[in-house]
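Data first, discussion second: the structure below is written as structure tokens.
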Protein chains: 2
Amino acid sequence: MTIQSEQRPTGSTTIPGCCAPAFDVGLTDDEAAQLAEKLSLLAHPIRLRLLAILARNGGHVCVCDLEAALPVKQPTVSHHLRLLRDGGLIEGERRGQWIYYAVRREELAAIQAALAQFFARM
Amino acid sequence: MTIQSEQRPTGSTTIPGCCAPAFDVGLTDDEAAQLAEKLSLLAHPIRLRLLAILARNGGHVCVCDLEAALPVKQPTVSHHLRLLRDGGLIEGERRGQWIYYAVRREELAAIQAALAQFFARM
DNA sequence: ACGGTATATTGAAGATTGTCAATATATTCG
DNA sequence: CGAATATATTGACAATCTTCAATATACCGT
């Protein structure tokens, strides 16, 4: 024959051919789920911009500032702020009529560390 | 009065009170959209595990291996592989009956760099 | 207390995503 | 060619996400 018979090189199974999970899996079910959840929180342009604004002006930005800076209406801003707050990434402090938000650096650093670990394992 | 009148310190507007976008915005509309797109691609447990497996066993893993290692059916594996391939993160090479996937390190590094830049700006 | 402003919540509607059975396509072997 | 295996695609369905108008809540100044 002209074409060489392909043989799957994957080891340690009795069945020749395919589908022997003898390889390195790398990420636990739980690890993947947790990291995916953190990434999902970041994976939205409005939330990224919210974080960026707050990180650089922390403690001095109220919701109306954010609404003015972003192309969405006030309920949408509040919605994303809530997601970020529930995810532990930001916190809000009421000062008078306004609520000032700021990034929680520790949590942000935790995500950064989780990502670094993920990439390190690649 | 006992309570001090709150005054928004945000500068450079003629309107006293609120909503003067004099602060640092930090992320362009486009930058945020692009980064969010990359993050969305990563933000799924199955895709994270696919990447981890492929990164550590690159070029030696066929779809049936992946299906065996993950808690989803074959069409779902193919679906996520397609998303990753369309996103430039992996590539597949047909060898005989099987198609072997591998991570594209450059693209993965690009995402890592984009993330690093994002966190650096925080 | 009242009117005004800031923010949150609710509810609805549309868009996107995730999963899988069924089916199609490609490849190998006999 | 025809059967068997590997992978991709289609189509349907459910779940989740995104946005916003309408409304509610909280606070301020008068």
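Below, chain A is the first sequence line, B the second, and so on; all start at residue 1. Heavy-atom basis, side chains included; hydrogens, waters and symmetry copies ignored.
Contact check for B:Arg82 versus B:Asp86: side-chain heavy atoms found under the 4.5 Å cut-off. Under the 4.5 Å side-chain criterion, counting only non-hydrogen atoms from C-beta, B:Asp29 is in contact with A:Arg49.
OP1 or OP2 of D:dT18 has at least one side-chain nitrogen or oxygen of A:Arg47 nearer than 4.0 Å. Phosphate proximity of C:dA6 to A:Tyr100: absent, as no side-chain N or O sits under 4.0 Å from OP1 or OP2. In terms of phosphate contacts, A:His80 brings no side-chain nitrogen or oxygen within less than 4.0 Å of OP1 or OP2 of D:dC20.
Computed from coordinates, the A:Leu70 CG to D:dC20 P distance equals 11 Å when rounded to whole Å. One can place CH2 of B:Trp98 at 11 Å from P of D:dT5, the figure rounded to the nearest angstrom. In this structure, CD1 of A:Ile99 is placed 11 Å from P of D:dC28, rounded to the nearest angstrom. At whole-Å resolution of the value, CD1 in A:Ile46 and P in D:dC17 are 17 Å apart. What separates CG of A:Leu81 from C1' of D:dT18 is a distance of 15 Å, to the nearest Å. Here C:dT5 presents its P atom at 16 Å from CZ of A:Arg94, a figure rounded to the nearest Å. Here the P atom of nucleotide C:dT7 and the CD atom of A:Gln97 are 8 Å apart, to the nearest Å. Regarding B:Leu66, its CG atom lies at a distance of 13 Å from the P atom of D:dA6, rounded to whole Å.
For A:Val72, whose side chain is taken as the heavy atoms from C-beta onward, the closest listed nucleotide among C:dC20, D:dT19, D:dA8 is D:dT19. In the set C:dT7, C:dA21, D:dT19, C:dA21 carries the atom at the smallest distance from any side-chain atom of B:Lys73.
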Could you list the donor-acceptor pairs under 3.5 angstrom formed between side-chain atoms of residues 115-122 of chain A and any protein atom two or more places apart in sequence or on another chain?
from     : atom 1 : to      : atom 2 : distance (Å)
A:Arg121 : NH1    : A:Gly26 : O      : 2.9
A:Arg121 : NH1    : A:Glu31 : OE1    : 3.3
A:Arg121 : NH2    : A:Glu31 : OE2    : 3.2

N/O donor to acceptor pairs below 3.5 angstrom from side-chain atoms of residues 36-47 of chain A, sequence neighbours left out:
from    : atom 1 : to      : atom 2 : distance (Å)
A:Ser40 : OG     : A:Ala36 : O      : 2.8
A:His44 : ND1    : A:Ile46 : N      : 3.1
A:Arg47 : NE     : A:Leu41 : O      : 2.7
A:Arg47 : NH1    : A:His80 : ND1    : 3.1
A:Arg47 : NH2    : A:Ser40 : O      : 3.1

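The backbone N or O of A:Ile53 sits less than 3.5 Å from a side-chain atom of A:Asn57, completing a donor-acceptor pair. Remark: side-chain polar atoms of B:Arg105 are paired, donor with acceptor, to backbone N or O of B:Ala55 under 3.5 angstrom.
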Filtered N/O pairs between nucleotides 9-12 of chain C and protein, under 3.5 Å:
from  : atom 1 : to      : atom 2 : distance (Å)
C:dT9 : OP2    : A:Arg82 : NE     : 3.3

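Other residues, nucleotides and ligands contribute over 12 non-hydrogen atoms within 6.0 Å of the CZ atom of A:Arg85.
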